[in-house]
Amino acid sequence: MSALPSAAVREGMRQCMAWLHGWTGLLLGHVLFLMCLTGTLTVFKAEISRWMRPETTASAAPADAMVAATRWLERNTSGSTGWFLTAPDSHQNAVQATYDGTGGYVTRALDPVSGAPVARETLGGEFFYRFHFELELPYPWGRLLASLAGMMMLTALVTGIIAHKRIFKDIFTFRPTKGQRSWLDGHNALGVLALPFHIMITFTGVLTLASLNLPWGMAAGYGADVATLYSDLTPGSVTRPALGEKAPLAPIAPMLAHAQRHFGGAPIGRVYVFNPGDKGAVVVVYPSDQKAIGYMPGEISFDGATGAVLKAWTENRPAVRAYQTVYGLHMARFAPELTRWLYFLGGAMLTMAIATGMVLWIVKRRERAPLSIGNRILERLNVGMLTGAPIGAAAFLIANRLLPLGMADRAQAEVSAALWSAGAVMVAGLALRPAIGWPVLLGALAVACACAALLGPIWAGGPVMVTINLMLLGVALALTPLILRQTKRLSAPVPLRRRMAPA
Amino acid sequence: MTVKRRQEGWRYRGNVALRVLAGSVGAYLVMALTAALLARTLPMSRVEAVTTATMIAYLAAPAVTIWAFLARGPWRALAGVALVAGLLALGAWAAGQPA
């Protein structure tokens, strides 16, 4: 692209915005693609977890499941500094638990009736959720990279809008099989049709990591006094050190019943137990986040040893509520079924908008002149990343079906399967000529999706299992005509310039 | 669009580099200082002011980035961002940390 504003001042403004849109989108485009893909899958995090734990079919009321979980943890951990439990709800049936016993913290799904970790050790949908903002990088680098990518996306969205002449018309414009025009039309339609969603999800996404990526308001208000900031933000939670004196945890059921009354009847959502087994133990209970958009609208703390209420809080402060609402809008845990599908659709469109944008960058330049060496590498990186990431996700599901149940570090092995297969596809994408790489690797993706659907239980486990299997098969089916067209083009005598077009 | 040879020169690259500096580091600086100033001056309780300031400040960054590329010249972009950041910093410093 050309034309910085100094070159062509007034009439160049739109061109300048298009230039900025291109570069802000391109620089971390692959990171954004990864984040959007895993974020979109995270909408159905609970359902994916259920798909990945077909043996765990039991269900229990949230409070009963919490009692079972804490009972098991009491018997099977000692010297813990914390148990962080999320109760089952209408979407997930297991208790999601993070706790430490011997060694570091582990994350396990606990059976809602027995309280013991479920047989098929897996991160489930939690993998996609974590990957979405931590990108498998050590703290805080993954979150910082995600924040940076989010800010660039925000800029890319705004500049993309300014660069447009006719937003409304673009919704209805699609000129297929016209090379660059088709890619541009597709990119525009995907971007514009769900534009409010794209802006909302990007803005709220960056804000969820505010304490890490923009701590300066907090620093200006509180200086180094983090303890006061924390207690001001969550006045109902109590932080105190362990006393070093043993004391069994008081019965938890009455605390949960009391908490539920405090929340006005809303079911309990999370239970955090600090220093269990110590006299200074604290139990903090939060309501379910399915009942309101605002995240964690209150909390109540109990003395772990006596069961007495230490502090209770209902959030009414407008700015804090606003932040919680922004946070909740991103997490979508409030969303009923239909809204979740809309989130999924919006996320899928954003993922596709990023993918088409990355391809468009190449197609546009190729139709003008032979590609530079940098753009030829980018073209191959596109092949590897845009097919490698979804293949990694499918490999994660396949590994879940194939790895033996009792295997040591099974959950981590699933993650490794995902990362290694995505890496292998990246290498293949770099090695193969794009005209061959696209159909071959898209074909591999279709096969992987079909395998994930057909390997395991197909019907058992109810509608969740069937729906996800059908969606996987749907992806495989949708890819088939695309692959066939590309292979046909490979053998047809077309001009070289067109033959290199990826679709 | 034809890429003009003139633009591929160092002048053009320097132009872009300065604007990128203003639009990235500069934009973050303005965003951070906006958060700091508002956190100290908004007429609300301390935690409310901090929360509101943080949410508003995010809007500043894309605006600064876009302006950095639209400004008449690269030095003007840098100077503009520096001026705004300086004023915000001065304001935040003058307001002092709330008790």
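Reminder, nothing fancy here: chain letters follow the sequence lines and each chain counts from 1.
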Exercise for the section: Establish, from distance only, whether the side-chain atoms of A:Asp289 and A:Tyr327 form a donor-acceptor pair under 3.5 Å. Expected result: no
Fill in the blank from the handout: Applying a strict 4.5 Å limit to non-hydrogen atoms, the region of A:Ile162 in contact with chain B is side chain
Exercise for the section: Determine yes or no for a side-chain-to-main-chain donor-acceptor pair under 3.5 angstrom, with A:Glu299 supplying the side chain and A:Trp313 the backbone. Expected result: no
Problem - Residue A:Met151 versus chain B: region with a heavy atom under 4.5 Å - result: side chain
Handout entry: Residue A:Leu20 versus chain B: region with a heavy atom under 4.5 Å
Key = side chain
Practice task
Taking all non-hydrogen atoms of both residues into account, name the closest pair between A:Ser301 and A:Val238 and its distance.
Solution key: OG-N, 3.3 Å
Practice task
Step through the shown structure and confirm whether more than 12 heavy atoms of other residues, nucleotides or ligands are within 6.0 Å of CZ on B:Arg46.
Solution key: yes
Exercise for the section: Go through the side-chain N and O atoms of B:Arg19 and B:Asn15 and say whether any donor and acceptor fall under 3.5 Å apart. Expected result: yes
Exercise for the section: With a 4.5 angstrom heavy-atom cut-off, could you sort out which part of A:Met17 is near chain B: side chain, backbone, both or neither? Expected result: side chain
Problem - Max heavy-atom pair count under 4.5 Å with chain B, selected residue of A:Val326, A:Leu207, A:Leu229 - result: A:Leu207
Completion exercise
One option among B:Ala39, B:Ala32, B:Ala35 has the most heavy-atom pairs under 4.5 Å with chain A, and it is B:Ala32
Handout entry: Smallest separation among heavy atoms of A:Trp361 and A:Leu378, with atom names
Key = CD1-CD2, 3.3 Å
Practice task
List the atom of B:Leu33, the atom of B:Ala85, and the distance in Å for their closest heavy-atom pair.
Solution key: CD1-O, 3.4 Å
Completion exercise
Turns out that what part of A:Phe203 lies under 4.5 Å from chain B's heavy atoms comes down to side chain
Practice task
Would you mind checking which part of A:Thr24 comes under 4.5 Å of any heavy atom in chain B, side chain (CB onward), backbone (N, CA, C, O), both or neither?
Solution key: neither
Practice task
Check each atom of B:Ala49 against the heavy atoms of chain A and say whether the ones under 4.5 Å are side chain, backbone, both or neither.
Solution key: neither
